[in-house]
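Here is the structure we will look at, set down as structure tokens.
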Amino acid sequence: MRHSQADVVVTATVAILSAAAALVGAPTPVTAVLGIALLAAPGYVWVTILLGSRVAGLERVAVAAGLSLAIPVLGGLALFAAGSGLTRVAWTGLIAEVTLAGDVVLFARRRTGRLAPFAWPPRRRRPPIRHVAAFGAAVVVAVSAVALARVGVALEPRTGFTQLWLTARAGHEHVADVGVRNHQGSTTRYRLVLSRHGGADITWSLTLANGQSWHHAVPDTGANAMTADLYRLPDLGRPYRHVDIGVGAPGP
Amino acid sequence: MTVAARFAGMRQASPGRHRSAMAPASAARSRLPVSLVALSAATGVLVAAAAYTAGRLGHASSPWADRAYWLGQALILVPAAVRFLSRRALTDAEAVTVVIVLTVAEYLVKICYSPAAFTYVDELEHWRSTVDILHTGRLFSVNYLLPISAYYPGLEEVTAALVSVTGLSPFTCGVIVAGVAHLLFVCLLYLFFRSVSHSHRLAGIALLCYASNSHFQSFDSMFAYQTLALSFFGLAVAAAWRLSSPQTAGKRAGWVTVAVLAIAATVVTHHITSYMLVATLVVVTLASLISGSWRSAGWPAAMALLSIVAVVGWVVFAAPETVTYLQPTAEAVLQAFRTFFGGGHSSGPSLSAGPLGNRALSGMAVLTVTVLLPVGWWLVWRHHRRDSWTLAMAIGSVGWFGLVAIRLAVANGSQLSGRAATFIFIPVSYVVAVAVAHLIGAAVRWQARVAAAAAMMLVLLLMFDGLANGWPPYWERLPGPHQVAGFERSVGPEEIAAAEWALATLGPGNRFATDFGSYPVLGSYGYQDPVRDDAYLYTSRVFTPADASKASAQSIRYVLVDRRLSQALPVTGQYFRVDPNAGKYTHPLPLADLEKFNHIPGVDRVYDAGNIVIYELAGAAYAP
């Protein structure tokens, strides 16, 4: 039969192309399509091997999907137990290998007549055009609904804020980190005043775009307290944000 | 064709077998094609999304936005119910399409609630574990929010694999995995109902009833380990049915493999689901023995045995923490039952929780199921007591009364009963569907339409009850501005920014005191280790030596203070995860209680973002 192994060819091609795409770092639109096809492939191949043509329709699709989901679960555990890291290459290799192994078994069983050759499902009567149009419209409306929800998130009114911090830098005992990050929703001008007890104040004038951050390392001996006051210009009357470390004596 | 003539076809088919229950071959075609059901459902999703958008734009408390949400739900549910419960013809392909349309539409409504990032607490917990696998390439990393989830990594493995092979974001892949798993479970459930009943219409009605469980649209379709485990559970049960079916004789090797894989995948994905799988297989075995089907008892018995071995093996060798995780809940349930049935006072929540409409709906739904179940049992006993799987459903549906008892007797009972409903509703919905189908089929002449309409009303009542009393709770039904000590509406940019700052600047795993709302964000986005029992740090004007000792004993290094706790009462009734004053607050926390850390010597004020301030206790002598 001319197309008796067509599904084997398709699933093997998907496995090989996906592996190649993962290795060469193909762009996301390519890997997204190939990746989803790759995850579906072993389920299809192994349900054909295990259940042949005895199950069909929704049941066949469901069992194939279940196997496709089970393979990363159990295969991932096996990889981890074998000491392999669960990297991109490992996941791609695992699923591609399970698919290709299934393809080999499927090919061999068909050659020996133990499994029926691949056949396209019988063509059904074409549904009326108005039903096709209604289903198409339903898909468009549903996609629009999700788009509307995402637009709603983007348009959601949010109270702007600014983060100010002053803390000992991790791993550096005598260095403190002072920083500012702007979440006001627009470019904002600040004045930052760092006061070290027993030392001179340091002042910075900052202009940060929305989402932009600024930070600076300052020596911290631990003996002197430090305070940082952030003013949101043009208001220099009272600090907009305030942080301090080492102020006062240790607690009770 | 007259109603009486149609009824004649139904009556003939009704007793004994459900094969053609309510669906005579000669029934007239429906005026509502499934394509229109799909279009209506999609429109319903759009209307619900518009209601959500209105909520986000400042109309979360508007009755119109709320009505729009319910209109959207009606556009999804009513046409599906009409298709299954009307007396018009319905093919298997149409039934499958309606089931898929209903499931996908409800899932899209859930996505529209959080279309850009995970906000549900359970989803945040698993998102953290997925990101860990992607970053470290290792399983079983610590998860501070839900430590037990690290030992059941199935969901995170599939999602990490999908992220790795597609290059898509963990959120996108999580949505895909949860959606596929949920749809797969629903399809397997439909196939199971259809196989047992031999009627696609009865299977559809059973599925409508199942969709009325309060977790169908939320917890059972979330990016959470149970969602994926349910699909494996469904696959295992389908394999058990196939193996015990006489038609499968001689062709069982493939199904045995499917069964073994499905059991293994269930066991390593979710603890409770794997125990429910064992229970299900045991009940089926018992039902087979009771019904005299000795041969068909063998396969479910063997699968039950295999499941027990797998569960015990996994708990002993890989996840011993499961025992300590589940023990407190099990003990609380047992203690509550002992008290309840011993005539003591119930520790369960007051039934006055929630709006009157929700309570009325809940009461009517409980009454409806309680009345329909005995009718279903009587029909099963009369016509199907030799059918082991139908008998197993009848036995399993007795669990409904346990569900009601948990709700009444146990503290936090509505949450527990909701979780249990995911499983108990499988047999319950089937037996209720048997009763509903019989009631419609038994009506004569003009009563037929009345009976069909009444059945439709009952099923819709159950479905709307599931939504109204499901998740999100009524006070967060629509997304909107920040709420103090809420769930999804406490996950906002300020909390996320603070958590991300903590991870980037302080490093992971610090012990943090925090409030109810920031708890999941700090544990997920921030990868910190938040403390549950920390109310004492926020509810007094002074920081006493006793507080200092307790904070030190809990290894608390940072205290996150959200000043908005002084501006509103907590919507959940509690400001903190463990809150001795839960439900007793009459006014918000005083600001002075929250700001006392500004004046404690040695306590550093390391972060200030306006509403959220973080203090470090490390400078104080009592700090860890």
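Predicted, not measured: the structure shown is a model, and the values here were computed from it. First the proteins, then the strands, lettered A, B, ... as listed; each starts at 1.
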Report summary line: Turns out that what part of B:Val34 lies under 4.5 Å from chain A's heavy atoms comes down to both
Report summary line: Output for pair (A:Leu86 CG, B:His135 NE2), nearest 0.5 Å, gives 14.0 Å
Query raised in the report: Do A:Thr48 and A:Arg60 have side-chain atoms, one donor and one acceptor, less than 3.5 Å apart?
Result: yes
Query raised in the report: So which heavy atom on A:Gly52 is nearest to which on A:Leu115, and how close?
Result: CA-CD2, 4.0 Å
Report task. Report yes if the side chains of A:Val175 and A:Val218 come closer than 4.5 Å at any heavy-atom pair, otherwise no. Result -> no
Query raised in the report: What's the verdict on salt bridge (charged side-chain N to carboxylate O under 4.0 Å, His left out) for A:Arg238 and A:Asp229, showing C-alpha distance, side-chain angles and the deciding distance?
Result: CA-CA 9 Å; A:Arg238 53 189 280 263; A:Asp229 288 313; over 6 Å; no
Query raised in the report: If you count heavy-atom pairs under 4.5 Å between each of B:Ser164, B:Ala93, B:Gly154 and chain A, which one has the most?
Result: B:Ser164
Requested in this report: Under 4.5 Å, counting heavy-atom pairs only, tell me which of B:Gly254, B:Gly167, B:Ala42, B:Ala609 racks up the most with chain A.
Outcome: B:Ala609
Query raised in the report: So which part of B:Tyr113 gets closer than 4.5 Å to some heavy atom of chain A, the side chain, the backbone, both or neither?
Result: neither
Query raised in the report: Tell me, side chain or backbone of B:Val268 under 4.5 Å from chain A's heavy atoms, or both, or neither?
Result: side chain
Requested in this report: Look up atom NE2 in A:His183 and atom CD in A:Gln163, then write down how far apart they are to the nearest 0.5 Å.
Outcome: 4.0 Å
Report task. Please check if the distance between the ring centroids of B:Tyr607 and B:Trp501 is under 6.0 Å. Result -> yes
Query - Contacting region of B:Leu188 [heavy-atom separation from chain A under 4.5 Å] - result: side chain
Report summary line: Turns out that what part of B:Ala498 lies under 4.5 Å from chain A's heavy atoms comes down to backbone
Report task. Give, as side chain, backbone, both or neither, the part of A:Leu39 having an atom under 4.5 angstrom from any heavy atom of chain B. Result -> side chain
Report summary line: The interface call for B:Thr269 against chain A, heavy-atom contacts under 4.5 Å, is side chain
Query - chain A contact via B:Ile612 - which portion, at a heavy-atom distance below 4.5 Å - result: neither
Query - Within-4.5 Å side-chain heavy-atom neighbours: A:Leu74 and B:Leu261 - result: yes
**Report entry** Shortest non-hydrogen contact from A:Asn210 toward A:Gln184
**Finding:** OD1-N, 3.6 Å
Requested in this report: Nearest 0.5 Å please: distance from the OH atom of B:Tyr558 over to the CD1 atom of B:Ile614.
Outcome: 9.0 Å
Query raised in the report: When only pairs under 4.5 Å are counted, which of A:Val141, A:Val47, A:Ile71, A:Val140 shares the most heavy-atom pairs with chain B?
Result: A:Val141
Query - Structural part of B:Leu184 lying under 4.5 Å from a heavy atom of chain A - result: side chain
Report task. With a 4.5 Å cut-off on heavy-atom pairs, point out which of B:Asn611, B:Val158, B:Val613, B:Val109 contacts chain A the most. Result -> B:Val158
Query raised in the report: In terms of heavy-atom pairs under 4.5 Å with chain B, which of A:Thr227, A:Leu164, A:Thr167 leads?
Result: A:Leu164
**Report entry** Selection from B:Ala161, B:Cys112, B:Ala265, B:Ala49 maximising heavy-atom pairs under 4.5 Å formed with chain A
**Finding:** B:Ala161
Query raised in the report: Roughly how far, to the nearest 0.5 Å, is CG of A:Asp244 from CG of B:Asp604?
Result: 6.5 Å
Query raised in the report: Which bit of B:Leu57 is near chain A, if near means a heavy-atom gap under 4.5 Å: side chain, backbone, both or neither?
Result: both
Report summary line: Honestly, the part of A:Ala65 sitting under 4.5 Å from a heavy atom of chain B is both
Query raised in the report: With a 4.5 angstrom heavy-atom cut-off, which part of A:Ile245 approaches chain B: side chain, backbone, both or neither?
Result: both
**Report entry** Top contributor to chain B contacts, counting heavy-atom pairs under 4.5 Å, from A:Ala70, A:Gly85, A:Ala19
**Finding:** A:Ala70
**Report entry** Contact class of A:Ser18 relative to chain B, heavy atoms under 4.5 angstrom
**Finding:** neither
Requested in this report: Could you have a look at B:Ser231, B:Ala262, B:Ala160 and say which one has the most heavy-atom pairs with chain A under 4.5 angstrom?
Outcome: B:Ala160
Query raised in the report: Heavy-atom distance under 4.5 Å to chain A: side chain of B:Thr266, backbone, both or neither?
Result: neither
Query - Distance under 6.0 Å and angle within 45° of ring axis: A:Arg232 vs A:Tyr240 - result: yes
Report summary line: Looking only at A:Val178, A:Ile95, A:Val146, A:Leu148, most heavy-atom pairs under 4.5 Å shared with chain B are made by A:Leu148
Query raised in the report: So how far is it from B:Phe185 CZ to B:Phe233 CZ, rounded to the nearest 0.5 Å?
Result: 6.5 Å
Report summary line: Greatest number of non-hydrogen atom pairs under 4.5 angstrom with chain B, of A:Arg241, A:Arg181, A:Glu59, A:His215, falls to A:Arg241
Report summary line: So CZ of A:Phe135 and CG of B:Leu36: to nearest 0.5 Å the spacing works out to 9.0 Å
**Report entry** B:Arg138 atom CZ, neighbour heavy-atom count above 12 within 6.0 Å
**Finding:** no
Query raised in the report: With a 4.5 angstrom heavy-atom cut-off, which part of B:Tyr615 approaches chain A: side chain, backbone, both or neither?
Result: neither
